[in-house]
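Working notes for the structure below.
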There are 2 protein chains.
Amino acid sequence: MGAGSRYDGEVLAALRREDRFRSCQEVHALIADSRGGPQRPPSLSTVYRTLHRLAREGEVDTIQSEDGERLYRRCETPSHHHLLCRVCGHAQEVPHARELRTVLTRVERSTGFTGLAYSLEFAGVCPDCA
Amino acid sequence: MGAGSRYDGEVLAALRREDRFRSCQEVHALIADSRGGPQRPPSLSTVYRTLHRLAREGEVDTIQSEDGERLYRRCETPSHHHLLCRVCGHAQEVPHARELRTVLTRVERSTGFTGLAYSLEFAGVCPDCA
DNA sequence: GAAGATTATGATAACCGTTTTCATTTTGGC
DNA sequence: GCCAAAATGAAAACGGTTATCATAATCTTC
């Protein structure tokens, strides 16, 4: 095959390990940690390249953190509604998705914009951290 | 007073000149352009500092562009719903704001999260550019 | 209005996440 | 095994942002 990386599996596994957005460097560190023995982890460059490609292929979602880092998360659903905890970083899907979608579709129709995409990000403190 | 800049007015005027998000460097260039004579524009550092402070004070909204730039816009309403044209960069408020707010508030209540803030960004091609 | 303290400014360097470069290694086809 | 094509690693380059620090402007108090 043409466009694969030896490390796709490990990168996706690292992202799946916990339900939150991770920076590329976090992913790199996670992979390094999960290798006990003498195995060498992929280089940082490779992790950057792999995440970049996975994002382009739609396998992972990306958002920009407030300080300009790009964060990645395994893409579970085509919708892009996330609820982030500012303290622990936990990310979950936003409930009421259908209701939201209804309103958002209505917005799309009434604006005349085409090729519309939206991203909705919530940030707060989750019950566990409060 | 303690926390003012000589250039607040010019920075805000530059942001008001068109209804779109602008990078700090764009703002800097706009100010420089709007000065015909021998007047020296503020330095880039000062524009960075001024925008940073205005954002902290809630005078301007900020978003992160896809390639990691921080973009600023005059804050017209406390809500953060924007509709961006990918071609011309025009930004407008999203209609159906009240409906949206209702759903979003419902989301807040049912998640148990506290200190919730959200940002909703639409991107598409506006009728003029289509 | 002058003297001294405080704050803002400008030029430049430092920072840091990301991307590019390129030599080397690995992979795939024959 | 041999050759072409693709992936990898290490380090340099990049670009937006922030920190540093000397200088200039502003404010306070007399």
Side-chain angles (χ1 to χ4, degrees), chain A residues 1-15 20-35 37-57 59-73 84 89 121, chain B residues 1-15 20-35 37-57 59-73 84 89 121:
Chain A
M1 56 165 307
S5 158
R6 194 156 76 209
Y7 298 109
D8 282 24
E10 264 178 298
V11 167
L12 289 171
L15 285 179
R20 45 177 293 188
F21 281 88
R22 306 249 187 207
S23 72
C24 181
Q25 315 213 16
E26 281 180 295
V27 171
H28 181 250
L30 282 171
I31 294 176
D33 285 351
S34 69
R35 304 190 154 201
Q39 281 186 99
R40 288 227 330 241
S43 71
L44 196 51
S45 311
T46 296
V47 180
Y48 269 109
R49 277 187 286 239
T50 302
L51 283 171
H52 189 267
R53 182 174 39 77
L54 290 174
R56 203 181 46 220
E57 295 170 352
E59 294 297 311
V60 299
D61 283 347
T62 71
I63 58 173
Q64 296 281 138
S65 79
E66 285 184 20
D67 49 313
E69 271 182 315
R70 222 189 301 281
L71 305 180
Y72 299 88
R73 179 169 179 265
L84 294 173
E121 302 295 342
Chain B
M1 60 164 301
S5 158
R6 193 155 77 210
Y7 298 108
D8 282 23
E10 263 177 298
V11 167
L12 288 171
L15 285 178
R20 46 176 294 187
F21 281 90
R22 320 209 84 129
S23 71
C24 180
Q25 315 213 14
E26 281 180 294
V27 171
H28 180 250
L30 282 171
I31 294 176
D33 285 351
S34 69
R35 305 192 154 202
Q39 281 186 100
R40 286 224 334 237
S43 72
L44 196 51
S45 310
T46 296
V47 179
Y48 269 110
R49 277 187 286 237
T50 302
L51 283 171
H52 188 267
R53 181 173 41 77
L54 289 174
R56 203 181 44 220
E57 294 170 353
E59 293 296 312
V60 300
D61 283 348
T62 71
I63 59 173
Q64 295 282 140
S65 79
E66 285 185 19
D67 49 314
E69 271 182 314
R70 223 190 300 280
L71 304 180
Y72 300 87
R73 178 169 181 266
L84 294 173
E121 302 294 342

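Within every chain, numbering begins at 1; the chains are lettered A, B, ... in the order of the sequence lines, protein sequences first and strands thereafter. Worth knowing before you read on, the calculation uses all heavy atoms, side chains too, and leaves out hydrogens, waters and symmetry mates.
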Next on the checklist: Tell me whether B/Arg22 contacts the main-chain N or O of B/Leu15 through its side chain, where contact means a donor paired with an acceptor under 3.5 Å.
Outcome noted: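 No, B/Arg22 side chain to B/Leu15 backbone: no donor-acceptor pair under 3.5 Å.
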Checklist entry - Taking B/Arg70 for the side chain and A/Asp67 for the main chain, is one N or O donor matched with an acceptor at less than 3.5 Å? => result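 Judged by distance alone, no pair lies under 3.5 Å.
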Between [X] ([atom1]) and [N] ([atom2]), how many Å, whole number?
{"X": "B/His28", "N": "D/dG16", "atom1": "NE2", "atom2": "C1'", "value": "14 Å"}
{"X": "A/Ile31", "N": "D/dT8", "atom1": "CD1", "atom2": "P", "value": "11 Å"}
{"X": "A/Leu44", "N": "C/dT20", "atom1": "CG", "atom2": "P", "value": "15 Å"}
{"X": "A/Asp67", "N": "C/dG17", "atom1": "CG", "atom2": "P", "value": "8 Å"}
{"X": "B/Gln25", "N": "D/dT17", "atom1": "CD", "atom2": "P", "value": "6 Å"}
{"X": "B/Leu71", "N": "D/dT17", "atom1": "CG", "atom2": "P", "value": "8 Å"}
{"X": "A/Glu69", "N": "D/dT18", "atom1": "CD", "atom2": "P", "value": "13 Å"}
{"X": "B/Glu26", "N": "D/dT17", "atom1": "CD", "atom2": "P", "value": "11 Å"}

Next on the checklist: Here's a test of your reading of the structure: between A/Arg70 and B/Thr46, which maps to the more 5' nucleotide of DNA chain C?
Outcome noted: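 Residue closer to the 5' terminus by nearest nucleotide: B/Thr46.
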Checklist entry - For the atom pair CG (A/Leu30) and CD (A/Glu10), what is the distance rounded to the nearest 0.5 Å? => result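 Going from CG on A/Leu30 over to CD on A/Glu10, the span is 11.0 Å.
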Distance check: side-chain N/O of [X] vs OP1/OP2 of [N], anything under 4.0 Å?
{"X": "A/Tyr48", "N": "C/dT19", "value": "no"}
{"X": "A/Tyr7", "N": "D/dG9", "value": "yes"}
{"X": "A/Ser5", "N": "D/dT8", "value": "yes"}

Checklist entry - Nearest heavy-atom pair of A/Ser65 and A/Leu71: which atoms, and what distance? => result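 A/Ser65 and A/Leu71 have their closest heavy atoms at CB-CD1, 3.7 Å.
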Item to check | Residue pair A/Gln64 / B/Gln64: nearest heavy atoms and the distance that separates them | outcome: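 Between these two residues, the closest heavy atoms are CB-CB, 3.5 Å.
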Can you tell which of [options] lies closest to the side chain of [X]?
{"X": "A/Ser43", "options": "C/dG17, D/dT8, D/dG9", "value": "D/dG9"}
{"X": "B/His52", "options": "D/dT18, D/dG16, C/dG10", "value": "D/dT18"}
{"X": "A/Pro42", "options": "C/dG17, C/dG10, D/dG9", "value": "D/dG9"}
{"X": "B/Ser45", "options": "D/dA19, D/dT8, D/dA25", "value": "D/dA19"}
{"X": "A/Cys24", "options": "C/dT26, C/dT18, D/dG9", "value": "C/dT18"}

Next on the checklist: What I want to check is whether an N or O donor and acceptor connect the side chain of B/Arg40 with the base of C/dG10 at under 3.5 Å.
Outcome noted: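 There is none.
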Checklist entry - More 5' along DNA chain D: B/Arg49 or A/Pro41, using each one's nearest nucleotide? => result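 This one resolves to A/Pro41.
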